[in-house]
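Order of the sequence lines fixes the chain letters, A, B, ..., with proteins taken first and strands second; residue numbering starts at 1 for each chain.
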Protein chains: 4
Amino acid sequence: MSEPPLRADARRNRARILTAAAEVFDEHGTSASTEEVARRAGVAIGTVFRHFPTKADLLAAIMKELQDLLATRAETLAAEGDPKALFTFFAQVVEHAAGARTVVHLLAADGTDVDVDRQVAGLREALDSLLTRARQTGAVRAEVRLDEVIALLTAACHGALAAGWAPDLRHRTVARLLDGLRP
Amino acid sequence: MSEPPLRADARRNRARILTAAAEVFDEHGTSASTEEVARRAGVAIGTVFRHFPTKADLLAAIMKELQDLLATRAETLAAEGDPKALFTFFAQVVEHAAGARTVVHLLAADGTDVDVDRQVAGLREALDSLLTRARQTGAVRAEVRLDEVIALLTAACHGALAAGWAPDLRHRTVARLLDGLRP
Amino acid sequence: MSEPPLRADARRNRARILTAAAEVFDEHGTSASTEEVARRAGVAIGTVFRHFPTKADLLAAIMKELQDLLATRAETLAAEGDPKALFTFFAQVVEHAAGARTVVHLLAADGTDVDVDRQVAGLREALDSLLTRARQTGAVRAEVRLDEVIALLTAACHGALAAGWAPDLRHRTVARLLDGLRP
Amino acid sequence: MSEPPLRADARRNRARILTAAAEVFDEHGTSASTEEVARRAGVAIGTVFRHFPTKADLLAAIMKELQDLLATRAETLAAEGDPKALFTFFAQVVEHAAGARTVVHLLAADGTDVDVDRQVAGLREALDSLLTRARQTGAVRAEVRLDEVIALLTAACHGALAAGWAPDLRHRTVARLLDGLRP
DNA sequence: CATGAATGAGTATTCATTCAT
DNA sequence: CATGAATGAATACTCATTCAT
C-alpha cells in the first residue's frame, strides 16, 4: 500500500510530467501523444512511462489531482457556512472548465477507460455537504437531489468547454441553471 | 454550386455510407476507423473516400443530415402552435443525444475541425420560433435569450451523452433545466 | 472459408514478403524486426501487416509453407516404395535444417506462440507412411513408434542448427541416430 | 587475472543474482528482462549490471556454473568405473535439460553471442573419459567418436527442451539414441 | 465509378544500459 | 558498493489517404 517515498528528483519529474500532461491534454485533447507530454516536461519518454506505466494511468493521475483540488475547495466553502456556497462552487467549477478540458473529464467519463466514477466519490461528498446546507437554509428547493446537481454541473462543464461559450453567455447560462434549483 | 446529378448506384452508396458512419461513430466515437465504416456500409474503402474526401468531411455530412432532421422536427412543432413546444423539443433532442453521440457533435465542436457554427444556423432559426412563441404565451420568462437556450441544450446533450445518465436521472435533470426557464 | 483470389500484385507481394521473412528470420532469428522484413521485401511496413496482421501470423505462414514442402517431399518418397525412404527423408530434413533455422521451428515449438503441433499434422502422416513401410520391410525395428521418430528428427534438426555441426559430423551423427532404429 | 576478493555482501549478491537469473531465464527464455532478474534476486537493477556489465555476461556466467556442475558430475561417474556410466550421464543431462533451458544453451550456441564452444571444453574431457571407458568394456561400439556423442547429447537436450517431450517419450527417445551407440 | 492493395507517418510501450544520489 | 531514476533507441501495430487495377 504505502510506497517508499520518492527521491527528490523523481518527485520533481513526476510533478513536471503531470503539469505538462495537463497542459498538453487540455490543448489537444486526450489523443495527444505521450511523446509530446515528455517533450513538454523536458524528460525522456521512458521517464513518463516509469512514472505512469500506461497512458490511462497518466490521465487518471491528472484527474486525481484535479479532484483533490476541487474537493478541497468545496470543503473550504462548506466550512465557511454560506448557504449559497453551492452556487459559488458551481460557478467556480464551470469557470475553470471553460479553460480546461480536464475538469470536464473529471466529471464524466469520456471514451477513455479511466474509471471516473470512483474518482468523483470525493467530490460527491463535498457537494453533498454544500447541497444539504443550501436545502436547510432554503436556498435550494427541498426536492433537488444530489445526482441532479452533479448532472447539471457535468452538463455545464461539458457545454462550457466544448461549445466555447463566451464569458457573458457562460454567466447567463449558469444563472439559468441555478435558477432551476431555487424555490 | 450545382453538382452533376449522381448515378443511381452512387447515390445509394452515399446514403449507405452515411448510415453506416452514423452507427459506427455513435458506437465507438469519432476515433473509429474509416475502414470500419466502409465494412459496415458494404463498400470498399476507396468508395468512402471518393464520396467524402476526408474523414472530417464525412463527419460534417453526418451532422448536416442530423441538423436537417432536427430543424424539420422543430419547424413542425412550431407550426403546431403549442406554447410548450420548446420544452417538448428540448426534451426530445436530449433523449436522442442520450443514445447518439452525433447529436452532441452537432451542437458543439469537438476536437474535429468540423465547423459546426455554420451548421447550427438552421437549427437556430427553428429554435428561435419556438422560443418566441413560448415567450409570448408566458411559458418562458421574458428575459430568456436564444443563445442561453442553445447553450442549455448543448450542455444537456453533452452531459447526457458523456455521463451516460440513466433515464430517470436524465428526465429529472432536464426538468430542472427547464424549470430555470419558467416564470 | 474460401477467400477471394488475390490480385496479381498482391500475390506477388505476399510471396516476396514470405521469402524475405524466411531469409531474415533464418539470419537473425525470430526476434528480427518486421521492419527489416519489409525492407528486404521492398514493400512498406503497412503492406506486411496487411498480409499478416501479426508477427506470429507471418511466422506461422512461413512454417506452413515449409511444412507443405516437406510433406510433399515425404509423400513423393513414400510413393516410390523404397523401404529405406524413411532414412532418406530423415537425412534430407536434417540437411535442410543445417542451413535454415526455420525447419527447426517447424518441428518444435520455440518460445513464440505459434502453435506448431497442429501444423506438424500433415508431416506426421507422411512420416507415418514412411515408418510403416520401413517396419513392414524390416528396415526398422517393430517397436519403433512414430512419436519417437519425430522426436529424433526434431532433436537432430535442433542440434544441426544450433550447434552448427560441420557436414562430416552431421552425417555421422545422423547415421548413429538411424542406427538406433535398425534391427 | 586475480580479482580483488569480493566483500561478503557482494559475493552473496552475485550468487543470488545467478540463481535468480537461472530461474528467470529457464521460465521465460533468454528474452526475459534483466529487471525481472533483479526483482527475483531482491536487488536493484544497478547491482546486476555492476556484477555483470552486460546481459550476455550474465548468461555466460550461468552457463559457466552449469558447466562446472555437469563436469564434476561426469568426473564422479568416471571415477566410479561403471562401464555404462556414459549412458547414465547422458540420460541425466537430458533429464535436466527437459526442465531447464539453460542446459541446452550450454551445449550449443543459440542466438546469443556467448561463445559456448570454449565453455564446453571442460565437459568434453569428462565425456571423453566416460566414452573411452565404455568403448574399452564393449558397452559402446569401437568406432563411435567423441564429437558424435556430444552431438547426440546436444541434439537430445535441444529436442527435449524445445519440443517439450513428455517423460515417457523422452525416455524412449533417449533409449533409441543410446541404442545407436551399442554394438 | 468501384475496388482494395500500398503507403508511411504516428503511437504506446519495452528494455538494456548509464549515472546521479 | 548499492540504489533506482533517467535515457532513448527499438518494435509491433494502426489508420487516413493515395492510386494502380
If a pair satisfies side-chain hydrogen bond (donor to acceptor under 3.5 Å, both in side chains) and one of its residues is in residues 53-62 of chain C, list it, with sequence neighbours excluded.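 For residues 53-62 of chain C: none.
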Rounding to the closest angstrom, what is the interatomic distance between F:dT21 and E:dC1 at atom P?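 Their P atoms lie roughly 22 Å apart.
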Taking [atom1] from [X] and [atom2] from [N], how many angstroms apart are they, rounded to a whole number?
X	N	atom1	atom2	result
D:Asn13	F:dG4	CG	C1'	15 Å
C:Phe52	F:dT11	CZ	P	20 Å
D:Ile17	F:dA2	CD1	P	8 Å
B:His28	F:dC15	NE2	C1'	15 Å
A:Asp57	E:dA12	CG	C1'	12 Å

Determine the stems involving DNA chain F; a stem requires 3 or more consecutive pairs of the Watson-Crick or G-U wobble kind, each with both distances below 3.5 Å, and the answer is none if no such run exists.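 Runs of three or more consecutive pairs: E:2-21 with F:2-21.
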For D:Asn13, check side-chain hydrogen bond (donor to acceptor under 3.5 Å, both in side chains) against everything at least two apart and list the hits.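 Checked D:Asn13 against side-chain hydrogen bond (donor to acceptor under 3.5 Å, both in side chains); zero matches.
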Listed by chain and number, what are the side chain to side chain contact (heavy atoms under 4.5 Å, CB included) partners of C:Asp9, not counting sequence neighbours?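 Expected list: C:Arg7, C:Arg12.
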List for me each residue that meets side chain to side chain contact (heavy atoms under 4.5 Å, CB included) alongside D:Ala38, sequence neighbours excluded, and say none if there are none.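 Partners of D:Ala38 by the side chain to side chain contact (heavy atoms under 4.5 Å, CB included) criterion, ordered by chain and then number, come out as D:Val43, D:Ile45, D:Val48.
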I'd like to check the salt bridge (charged side-chain N to carboxylate O under 4.0 Å, His left out) partners of C:Arg39; sequence neighbours left out, ordered by chain and number.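 By the salt bridge (charged side-chain N to carboxylate O under 4.0 Å, His left out) rule, C:Arg39 matches C:Glu36.
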Sequence-distant partners of D:Glu27, salt bridge (charged side-chain N to carboxylate O under 4.0 Å, His left out), two or more places apart: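 Listed in chain order: D:Arg40.
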What string of B, S and - do you get for nucleotides 14-21 of chain E, 5' to 3', if B is base contact, S is sugar-phosphate-only contact and - is no contact with any protein heavy atom under 4.0 Å? B-SBB---
